[in-house]
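The structure appears right after this line, and notes come after that.
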Amino acid sequence: MPRYFYYSDIQTFLSESDDQIFGKLAGRDEYDSARTQKNAWTEEIVVMKQVLDAYKSESGWIAFEYTIPRIGKRIDVVLLLRERVFVIEFKAGEDEIKHADMDQVLDYALDLKNFHQGSADRMIVPILVPTENDQTSKICRLSHYDDGIYEPMVANKDSLGELICKVLEQDIPHINYNVALQDWVRSRYAPTPTIVEAASALYTQHSVADITRHEAEGEQLQRTTDYVMQVIRETKARRGKSICFVTGVPGAGKTLVGLNVAIQQSEQLTDGKRDLAVYLSGNGPLVAVLTEALARDKQRQEEEKGNKYYITAARREVSQFIQIIHRYRDQMLGKLRTPVRDGKIEIDPEKELRDKHAGYAEVENIAIFDEAQRSWDQEHLSGWLKRKKGFNDFPMSEGEFLIWSLDQRDDWAVIVCLVGGGQEINTGEAGIGEWVRAMNETFPDWKVYISNQLTDNEYAEGQVAEMLANHENVVFSPDLHLAVSMRSYRAESLSRMVHYLLDGDAEKVREVYKDIKERYPIVITRNIDKAKAWLKQKARGSRERYGLLVSSKGYRLKPLAIDVRCKPDTVHWFLDDANDVRSSLFLEDAASEFDVQGLELDWTCLVWDGDFRYTDGGWDYYEFNGGNRWNRIKKPERQAYQLNAYRVLLTRARQGMVICVPEGDNADVTRLPEFYDGTYLYLKSMGFEEL
């Protein structure tokens, strides 16, 4: 995607004919925009020539349709003049000022300020221009956030020049800018996208470099993607079977690597034939949100081109390469002979025809399993199949069965396991050790490519290397580990700080937080209304999202109007705006660790219940019995799930969070203050500001 459709200095712009400028705009338009857009360009050119005639002797530059890579949006006009960046959004033929349009131009200004190096230390002036409206902003003032962004202003086609002149009359500080104004258009755009924005960008053929804020991040994502793609090529060439384990710190981009491999592979042709790849996740909310987001994006792009395109068709296209793992698994289960004989599963040829390439496997040569550590162990899968499917005595864990499913191919196969450490949050999740055991005992002929970090304690308690010691086909590579978190552009150390917090190491928490608090505020309160007000005050524009988070075991938050039994509709919760009561922005529905794992918000409020309490220098684990008391959780495995639940909840915010620990109620034995006070005092000792 080009950075702009047209760019020149002011003198060149004024000297070129309208037709010349229009021709350059149209020549860069890879979308072949509809006639309404082209008519708008014609008017914009005329208006901007009138505005800039007063500055024809000055150094300045103008860009039309300047692209913001993170979201694939284009700013109508960027004017660079006297060290200011004017962000101008035209609404040709419009005579009313719409709130959504004001948010749009502010969104552009925020993106430039936060992610564009040439804009970081400059004044950003967002102006909305409904060309036929009769109002013009009388006051030009900087935002109270004191970040160099003006409050959005309004002008029409006749008053735009006057408003720009008024802004230029105001004094600005004299500083040494990091990027010269004439180099602004070439300055690096360094975003930190949400997983939804990043997936959308990859789906529209952006590179991973486009969607990362630092060169190192883009390099590490591309390096890991390239390594996996090379494994695919080598495996296909030798007609073999391989499995890759990709590890990474929370928020490092494991899911992006998986999506990137699936999307890149979908574009690979051999003799006119595609070797298909499918991205599979057991995380239902993640799959639902990504599928709907990409489908909406696909529909929007087609309609911008003037094509009629139904959302159902878009969803169908996206679901070809993003799927819920359980459907894939159940499709293979449907091919098996029942009942199981002698503890071994077999294909029933009466149920499935054998394909000359795929054998009895599914059509994809490559299967990418996200959050592979969450696959079910044998006991849990067997019990579920018996209860739900009437399938008795199933002998395999989910991981082993998925490997077996790909092993049915007669040609070649590659499995990519995306592995998070310390993120198992539910009963029956086997962890990565079960995949490794299956490779050793059942599939010794498969070649294993693993991250050298898979030997850390967070993965199978550090026993992976020992488990693979006798496997003859193991390759260790640092390229399969993602070491830098992308999730929070304000606080790369957040994951480390949360690790210390959950370890009870207050001194190290204070040490890390001291370094990040200016960029990543964390505040605490005992009042849910104050917490909600803080969220609303922090978020700006239309794209910054906030929401309420709560542990799935937080059953005694009902007095705060939070009922964990009322599950949010995650698609609407994550994707819709504040006009929809199902949106996270309405602050009515709270999402649990199961709803948000793998996803993120800009700002969060974690409401902390009595299920996870800090007392006497350590954590206590509880589960509500549904009636009148909390029962202590004693099994270490279940304690680990509860700890990891809060690890997930504490790492969902990209820009900052508020933690609300209720005061409790002496008149309610299920909400006594002693259930909450220790936790609040512990958090307060971290140095988090009290609201």
Side-chain angles (χ1 to χ4, degrees), residues 1 68-72 114-115 117 188-233 244-268 277-281 283 286 290 293-294 297 321-322 366 368-372 414-421 423 449-454 476-495 597-600 651 654:
M1 182 179 290
I68 298 180
R70 181 169 74 110
I71 57 171
N114 289 328
F115 305 121
Q117 292 176 354
R188 181 172 175 78
Y189 188 86
T192 300
T194 65
I195 182 63
V196 173
E197 291 168 336
S200 297
L202 290 176
Y203 192 45
T204 51
Q205 283 77 55
H206 283 76
S207 71
V208 288
D210 288 336
I211 59 174
T212 54
R213 73 190 183 285
H214 294 317
E215 189 174 349
E217 291 170 0
E219 287 179 353
Q220 78 165 3
L221 289 178
Q222 193 61 57
R223 185 170 61 248
T224 302
T225 299
D226 290 345
Y227 190 96
V228 173
M229 295 295 288
Q230 182 61 28
V231 168
I232 292 171
R233 289 191 292 271
C244 286
F245 294 100
V246 177
T247 59
V249 300
K254 298 182 291 295
T255 295
L256 286 183
V257 167
L259 290 170
N260 202 20
V261 169
I263 292 167
Q264 285 193 24
Q265 187 62 36
S266 70
E267 300 166 0
Q268 304 292 317
V278 60
Y279 166 88
L280 298 162
S281 175
N283 185 337
L286 176 67
L290 285 181
L294 296 188
D297 204 42
F321 74 94
I322 298 180
I366 303 113
I368 301 153
F369 298 121
D370 201 356
E371 297 180 8
V414 173
I415 291 174
V416 181
C417 289
L418 309 175
V419 184
Q423 294 184 38
Y449 297 85
I450 76 170
S451 156
N452 55 336
Q453 297 294 319
L454 200 56
F476 288 91
S477 172
D479 289 342
L480 291 173
H481 181 68
L482 302 169
V484 180
S485 175
M486 293 172 54
R487 178 169 292 131
S488 170
Y489 66 86
R490 296 186 187 275
E492 294 178 356
S493 303
L494 176 64
S495 296
Q597 189 172 44
L599 294 159
E600 62 261 304
T651 54
R654 289 153 40 84

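One-based numbering along the sequence shown.
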To the nearest 0.5 Å, tell me how far [X] [atom1] sits from [Y] [atom2].
{"X": "Ile366", "Y": "Ile415", "atom1": "CD1", "atom2": "CD1", "value": "11.5 Å"}
{"X": "Ser477", "Y": "Gln230", "atom1": "OG", "atom2": "CD", "value": "11.5 Å"}
{"X": "Ser451", "Y": "Phe245", "atom1": "OG", "atom2": "CZ", "value": "11.0 Å"}
{"X": "Lys254", "Y": "Leu221", "atom1": "NZ", "atom2": "CG", "value": "11.0 Å"}
{"X": "Arg233", "Y": "Asp226", "atom1": "CZ", "atom2": "CG", "value": "7.5 Å"}

N/O donor-acceptor pair under 3.5 Å between Thr224 side chain and Asp479 backbone: yes
Tyr279/Thr255 under side-chain contact (heavy atoms from CB on, under 4.5 Å): CA gap, chis, key distance, verdict: CA-CA 9 Å; Tyr279 166 88; Thr255 295; 3.4 Å; yes
Chi angles and distances behind the side-chain contact (heavy atoms from CB on, under 4.5 Å) call for Leu290, Leu259: CA-CA 10 Å; Leu290 285 181; Leu259 290 170; 4.0 Å; yes
Residue pair Ala262 / Ala277: nearest heavy atoms and the distance that separates them: CA-CB, 4.1 Å
Stepwise side-chain contact (heavy atoms from CB on, under 4.5 Å) test for Leu480 and Thr247: CA-CA 6 Å; Leu480 291 173; Thr247 59; 5.9 Å; no
Identified side-chain contact (heavy atoms from CB on, under 4.5 Å) counterpart of Val246 within the set Thr225, Leu418, Ile368, Asp370: Leu418
Candidate pair Met229 and Ile232, rule side-chain contact (heavy atoms from CB on, under 4.5 Å), full reasoning: CA-CA 5 Å; Met229 295 295 288; Ile232 292 171; 4.2 Å; yes
